[in-house]
Protein chains: 2
Amino acid sequence: MPKPVNSHEPTKTRILEAAETLFAEKGYAAVSVREITAAAGVHLAAVNYHFGSKKRLYFAMFEQRLLPRVMSVRPPIEALLQRGNARPAEMIKTLVRSILENPWPDDRRQVTARLISRELSQPTEMFDILIETYFRPMVQMIARLLSPFLGPDMTEESLLLNTLSTIAQITYFSNGQPVVTRLTGRPYDADFIDQLVGHITDFSLRGLGLERKPC
Amino acid sequence: MPKPVNSHEPTKTRILEAAETLFAEKGYAAVSVREITAAAGVHLAAVNYHFGSKKRLYFAMFEQRLLPRVMSVRPPIEALLQRGNARPAEMIKTLVRSILENPWPDDRRQVTARLISRELSQPTEMFDILIETYFRPMVQMIARLLSPFLGPDMTEESLLLNTLSTIAQITYFSNGQPVVTRLTGRPYDADFIDQLVGHITDFSLRGLGLERKPC
DNA sequence: GTCTATAGCAGGATAGAC
DNA sequence: GTCTATCCTGCTATAGAC
């Protein structure tokens with residue numbers, strides 16, 4: 001448990017921080033309250049005093065730390081939408097970059113991505129909240145961003161699938177880091193992330209039919 | 001535990017089957033040996049008698065059931081490669097379909113996909129085996145399939161990233177089923193899977209630069 | 001609010017009868 | 001090989017001293 005303990009934070013915050021890290025690493029079931037309190041440098045009973053139970057600690061962590069952080073990704077992308085004059089290449093590149101090298105603090109990037117991916121692949125009671133407050137608005141916003149360029153004859157569903165194909169790549173290269181590193185031999189440093197952003201942008205632009213190949 | 005018990009199978013097999021289902025559903029840590037033996041309809045001590053420990057049961061399940069099954073996806077795709085005269089559109093469609101509606105028995109499709117995705121996103125000691133025996137050969141095979149069409153000036157790394165972008169979509173629409181259903185309102189019936197296969201194929205062909213848009 | 005002590009139970013594993 | 005009974009550890013949760 002090499003996690004620094006921030007001993008000036010209040011007990012409650014220390015618990016939330018430690019819980020977040022551990023839940024992200026191992027998953028809810030594999031983490032014990034003892035482990036969390038030890039990592040947080042607080043006494044065992046503190047979790048039940050402050051949160052009532054282990055499950056409610058998870059929910060509190062989710063609502064108070066995870067959700068606010070993921071919501072913070074949206075404003076910059078919304079700003080892009082408001083401007084209204086961006087070109088598709090620029091839009092997609094910004095989108096990809098804003099998620100791949102996201103604005104969360106360095107020590108929380110991996111943690112945040114893992115918690116989201118965990119919740120999406122193994123829904124708990126938080127699944128609905130995550131979908132409706134974060135994921136669906138995000139997808140709709142991206143779809144609205146793209147839709148003017150994709151032609152008016154495209155169905156809603158087709159627009160959605162195209163949006164999801166773009167998101168699929170971002171998600172895959174973001175969450176699948178262990179696999180990608182293993183296969184390419186490249187660690188996720190600034191260099192490689194740049195390259196990934198470029199690749200995903202190009203592939204998606206072509207996939208969306210927004211960039212013509214020589215014919 | 002509505003799982004039927006196949007009471008004519010030997011104890012060992014019954015345990016492996018139940019373990020597979022439960023590990024896929026809940027993850028290793030969240031499943032107890034008691035739960036497994038109850039679902040299998042055998043006595044509690046059977047796990048330790050036949051496998052030595054819960055962890056070794058997981059490994060046995062992985063090697064004896066999961067790996068052989070995922071390996072069975074390869075031959076049909078390899079056959080495509082051997083023929084050598086397939087066109088890219090056909091190849092990619094076959095590839096997408098062979099994974100999206102895979103050849104595993106109906107009651108094992110979801111289970112198999114979940115176990116793989118679990119192992120890739122939360123590596124245990126089996127991660128290396130899965131990567132080296134299944135994933136890397138699979139990716140290399142697909143890359144070899146595509147490479148003749150992508151032009152000789154494409155770097156190895158670029159070829160790999162393009163391949164992964166295609167796989168990313170297949171993986172996303174396959175593993176992200178709860179999310180996709182939630183956002184589209186479509187259950188994964190034959191109809192929708194057809195539509196997904198078509199979409200992923202088209203998007204990927206364009207993404208790879210293999211299908212020209214009107215210009 | 002903090003922490004100790006412990007209740008109460010579920011977990012994996014095992015010994016030994018059959 | 002099968003199954004019962006049980007050990008013991010480690011878990012969540014709580015009671016109650018400070």
Side-chain angles (χ1 to χ4, degrees), chain A residues 1 3-65 115 118 122 124-126, chain B residues 1 3-65 115 118 122 124-126:
Chain A
M1 238 79 44
K3 185 169 185 333
V5 166
N6 296 337
S7 39
H8 298 301
E9 294 292 328
T11 300
K12 208 166 169 176
T13 311
R14 300 231 300 272
I15 294 175
L16 284 170
E17 274 185 26
E20 194 186 333
T21 309
L22 288 166
F23 284 146
E25 259 171 33
K26 308 182 167 193
Y28 179 83
V31 177
S32 69
V33 173
R34 284 174 152 80
E35 209 174 348
I36 296 170
T37 52
V42 304
H43 57 282
L44 173 61
V47 162
N48 283 288
Y49 176 75
H50 285 285
F51 301 96
S53 72
K54 178 188 174 186
K55 181 156 263 172
R56 291 172 56 159
L57 163 60
Y58 177 78
F59 292 160
M61 176 278 286
F62 197 92
E63 286 180 333
Q64 293 170 34
R65 308 204 106 224
L115 284 170
R118 240 176 237 296
Q122 171 134 37
T124 71
E125 286 92 329
M126 296 289 109
Chain B
M1 240 77 45
K3 185 169 185 331
V5 166
N6 296 340
S7 39
H8 298 300
E9 293 294 327
T11 300
K12 208 166 168 176
T13 310
R14 300 230 300 270
I15 293 175
L16 285 170
E17 274 184 26
E20 194 186 333
T21 309
L22 288 167
F23 285 146
E25 259 170 34
K26 310 183 165 191
Y28 178 83
V31 177
S32 68
V33 172
R34 287 175 154 79
E35 208 175 346
I36 296 170
T37 52
V42 304
H43 58 282
L44 172 61
V47 161
N48 282 288
Y49 176 75
H50 285 286
F51 302 96
S53 73
K54 179 187 173 187
K55 181 155 262 171
R56 290 171 56 158
L57 163 60
Y58 177 78
F59 292 161
M61 177 278 287
F62 197 93
E63 287 181 332
Q64 292 170 35
R65 309 204 106 224
L115 284 170
R118 240 175 238 298
Q122 171 136 35
T124 71
E125 286 93 329
M126 296 290 108

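Within every chain, numbering begins at 1; the chains are lettered A, B, ... in the order of the sequence lines, protein sequences first and strands thereafter.
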Visitor: So do the side chains of A:Leu115 and A:Phe62 get within less than 4.5 Å of each other, counting heavy atoms only?
Guide: no
Visitor: Taking the side chain of B:Lys54 as heavy atoms from C-beta outward, which of C:dC3, C:dG12, D:dA13 is closest to it?
Guide: C:dG12
Visitor: Identify which one of B:Arg118, B:Lys26, B:Glu25 satisfies the side-chain hydrogen bond (donor to acceptor under 3.5 Å, both in side chains) criterion when paired with A:Gln122.
Guide: B:Arg118
Visitor: How many whole angstroms separate atom NZ of B:Lys55 from atom P of C:dG11?
Guide: 18 Å
Visitor: Establish, with yes or no, whether the OP1 or OP2 oxygen of C:dT2 is under 4.0 angstrom from a side-chain nitrogen or oxygen of A:His50.
Guide: yes
Visitor: What integer distance in Å separates B:Leu44:CG from C:dA10:P?
Guide: 14 Å
Visitor: Side chains of A:Leu57 and A:Leu16, heavy atoms from C-beta outward: is any pair under 4.5 Å?
Guide: yes
Visitor: Do the numbers put B:Lys54 on top of the ring of B:Tyr28, so that NZ or CZ is under 6.0 Å from the six-membered ring centre and no more than 45° off the axis?
Guide: yes
Visitor: Once you round it to whole Å, what is the distance between P of D:dG1 and CZ of B:Arg14?
Guide: 14 Å
Visitor: Nearest whole angstrom, please: distance from the P of D:dA13 to the CZ of A:Arg56.
Guide: 10 Å
Visitor: Rounded to the nearest angstrom, tell me the gap between atom OH in B:Tyr58 and atom C1' in C:dA13.
Guide: 21 Å
Visitor: Roughly, in whole Å, what's the span from NE2 in A:His43 to P in D:dA15?
Guide: 15 Å
Visitor: Figure out the CD/C1' separation between B:Glu35 and C:dC9, and round it to whole Å.
Guide: 16 Å
Visitor: Does a nitrogen or oxygen in the side chain of B:Ser53 sit under 4.0 Å from OP1 or OP2 of C:dG12?
Guide: no
Visitor: Can you measure B:Phe51 atom CZ to D:dT2 atom P for me and round it to whole angstrom units?
Guide: 11 Å
Visitor: Would you please confirm or rule out a distance under 4.0 Å between OP1 or OP2 of C:dA10 and any side-chain N or O of B:Ser32?
Guide: no
Visitor: OP1 or OP2 of C:dG1 versus the side-chain N and O atoms of A:Thr11: is any pair under 4.0 Å?
Guide: no
